[in-house]
Amino acid sequence: MPAGALWSDALVEAIRRASISLPSDVVAGLRRALEGETTELARLQLETMLENARVARENGLPLCQDTGTPVFFVHAGTESPWLADLPGALVDAVRVATDSIPLRPSAIDPFTNRNVGNVGRGVPVIDWDLVPGEEIVVTYVAKGGGSENASGLLFVQPGGGSTAVLRAVLAHVVRVAPRACPPVVVGVGIGGTADLALRLAKRALVRRLDEHHADPSIAAFESELLDAVNRSGIGPMGLGGACTALAVHADFAYRHPASLPVGVALQCWVDRRVTVRIPASGIAEVVE
Amino acid sequence: MIRKVVLPVSLAEVASWCVGDVLSLSGVILTARDLAHRRILEACLQGAGERGLDLPFDPTGLPIFHCGPLARRDGVRWTITGLGPTTSARMESTTPAIMARFAAPFLIGKGGMGPATRAALVERGAAYLAAVGGTGALGARAVVEVLSVAWLEELGMPDAVWILRLNEYGPLVVTMDSQGRDLHEEVVRAAERTLGNAPR
């Protein structure tokens, strides 16, 4: 399966690139944040982050020693000839990348505490979305443990509407952001069921920083929440400052009459994500 | 202005560090996170009798770095390819006992710790330094030598105890000092005041 081998290599390359090279929109976001900071400590944090991004890229070193839980967000075209090979290929790519980059072994049995590498029950995490067409689009995200611990599932009183949602998410983010390596990216999933709310929040993290929701009212919610989070003054690494979040990405699903679940997912400033497009030809393209 | 600290440090020097001071560090530290803290305390309990303390390393007087490094083995040599802080708050429940037993002059981590550690720092005249999270590549360049690694098989790479010699590792910000000041706490309190007063 020569063409298959081609796109398998692209998956490994995506993991390598994500691990060592910070996406250009995140670098730009950190630079903008630096311009907005006035205190010496906040500036020092952001300058060190930018310097680290440069050193990692130039030396081929992982950005962070926590190379993360490997997560794949897959938009799988139902007509793709590669669909059946994909699950195995994603797992193999993590195994190969763990040895070749190398990545830190970070998959641990929760009962025995045995560290097995980066492939184990449930890991890598694969999020499937079936779409029409022949193309498969895979986005790899390295999810650090500190930001994952800042996740939240909130149940807001349905009568309160979007104002209640905003207040609840704001209170949660301000409480957890200092431990999630801010400036963070905030994903918010509003409505649906509990698991769907969290899944929407996670999927929203994959967007580029400047990519707002297509619905103007959701986009306005994103901007309002971002402003409110940044007014908190938590700042880079929680040491005080103007920039606590680089972006807020929200999405929604219809809710049950009795229920308004809100999922919150945070990504640290080391917002590692790379996308691979696999057309029917199997000649894959790795894009930022 | 970065103050270059060379280990070992006296408690008098640590007492002169104030919240907001920026340091770099040269010398020997050990890494320990959740499982290592528990493992060290288990060894202390088991070694309370006549057998004495059974640890494969001596943590006495060494700074404790909350860190699970990324390392590569070339033959018998280890190279650190990622070094940076993990969230310190997870070590809150185990830290006071370990500080009392092994007299760490300071801790390094990120995100700050809780009231029990704050009290232990004041009592012992110790401090907490915040490293910049997510800067593992920069940190790796500051590692001069891997002196030893303990419990690698048992706990795995991130949770093992690594004893490392560093050269000018930093910037590190003093965020909890021996006088009881805690920058993390101050920032969170200020945020709560700001948001409490914010117009809705």
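Side chains included, hydrogens not; waters and symmetry mates left out as well; all remaining heavy atoms used. Letters go in sequence order (proteins before strands), and every chain restarts at 1.
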Under 4.5 Å to a heavy atom of chain A? For T87(B) that would be side chain
Checklist entry - Taking everything shown except E185(B) itself, do over 12 heavy atoms lie less than 6.0 Å from its CD? => result yes
Listed by number, the residues in residues 164-180 of chain B that come under 4.5 Å of chain A (heavy atom to heavy atom) are P171(B), V173(B), T175(B)
When the 4.5 angstrom heavy-atom criterion is applied to I20(A) and chain B, the contacting part is neither
If one checks every heavy atom of A131(B) against chain A at 4.5 Å, the contacting part turns out to be backbone
Okay, L41(A) and chain B: the region with an atom under 4.5 Å from a heavy atom over there is side chain
Can a donor-acceptor pair be found between the side chains of E288(A) and S24(A) at a distance below 3.5 Å? yes
Q.
If we ignore hydrogens and angles and just use 3.5 Å, is the side chain of H249(A) paired with the main-chain N or O of E222(A) as donor and acceptor?
A. no
The interface call for N52(A) against chain B, heavy-atom contacts under 4.5 Å, is both
Side-chain ion pair, E35(A) and R32(A), N-O less than 4.0 Å: no
Practice problem: Check whether any side-chain heavy atom of V123(A) sits under 4.5 Å from a side-chain heavy atom of P70(A), and report yes or no. | Solution: yes
Note to self: Quick test of your reading of the model: are R43(A) and E40(A) salt-bridged, counting only N-O distances below 4.0 Å?
What the structure shows: no
Nearest heavy-atom contact between G241(A) and P236(A) is CA-CD, 4.2 Å
So CG of L266(A) and NZ of K202(A): to nearest 0.5 Å the spacing works out to 10.5 Å
Checking heavy-atom separations under 4.5 Å from chain A, one finds in residues 93-126 of chain B K110(B), G111(B)
Can you confirm whether R272(A) is buried at CZ, in the sense that more than 12 heavy atoms of other residues, nucleotides or ligands lie under 6.0 Å from that atom? yes
Listed by number, the residues in residues 14-35 of chain B that come under 4.5 Å of chain A (heavy atom to heavy atom) are G20(B), V22(B), R33(B), L35(B)
E186(B) with R189(B): basic N within carboxylate O range, under 4.0 Å:
no
Q. Given D159(B) and W151(B), is the side chain to side chain contact (heavy atoms under 4.5 Å, CB included) satisfied, shown in steps?
A. CA-CA 8 Å; D159(B) 286 289; W151(B) 298 330; over 6 Å; no
Inset, instruction - Say whether, by atom type as modelled, one donor and one acceptor occur between the side chain of D66(A) and the main chain of G145(A) under 3.5 angstrom. - result: yes
Can you check whether A164(A)'s main-chain N or O pairs, donor with acceptor, with Q157(A)'s side chain at less than 3.5 Å? no
Exercise. Could you check V125(A) against K143(A) for side chain to side chain contact (heavy atoms under 4.5 Å, CB included), going step by step and ending with a plain yes or no?
Key: CA-CA 10 Å; V125(A) 178; K143(A) 192 66 174 65; over 6 Å; no
Okay, A228(A) and chain B: the region with an atom under 4.5 Å from a heavy atom over there is backbone
In terms of heavy-atom pairs under 4.5 Å with chain B, the winner among G238(A), G233(A), P102(A) is P102(A)
Ranked by heavy-atom pairs below 4.5 Å to chain A, first place among E153(B), R141(B), E154(B) goes to R141(B)
From the list G139(B), G134(B), G156(B), the residue making the most non-hydrogen contacts under 4.5 Å with chain A is G134(B)
Identify each donor-acceptor pair in which a side-chain atom of residues 62-72 of chain B lies under 3.5 Å from a protein atom, sequence neighbours left out, and give them as a table.
residue	atom	partner	partner atom	Å
H66(B)	ND1	S88(B)	OG	2.8

Whatever's closer than 4.5 Å to a heavy atom in chain B on T67(A) counts as side chain
Check ion pair D25(A)-R273(A) (N to O, under 4.0 angstrom): yes
One option among G82(B), A190(B), G133(B) has the most heavy-atom pairs under 4.5 Å with chain A, and it is G133(B)
dist T139(A):OG1 -> R207(A):CZ (nearest 0.5 Å) comes out at 13.0 Å
*For the pair L155(B) and N113(A), evaluate side chain to side chain contact (heavy atoms under 4.5 Å, CB included) and give the outcome as yes or no after the intermediate values.*
CA-CA 7 Å; L155(B) 302 182; N113(A) 282 332; over 6 Å; no
Turns out that what part of C181(A) lies under 4.5 Å from chain B's heavy atoms comes down to both
field: Over 12 foreign heavy atoms within 6.0 Å of CZ, R54(A)
entry: yes
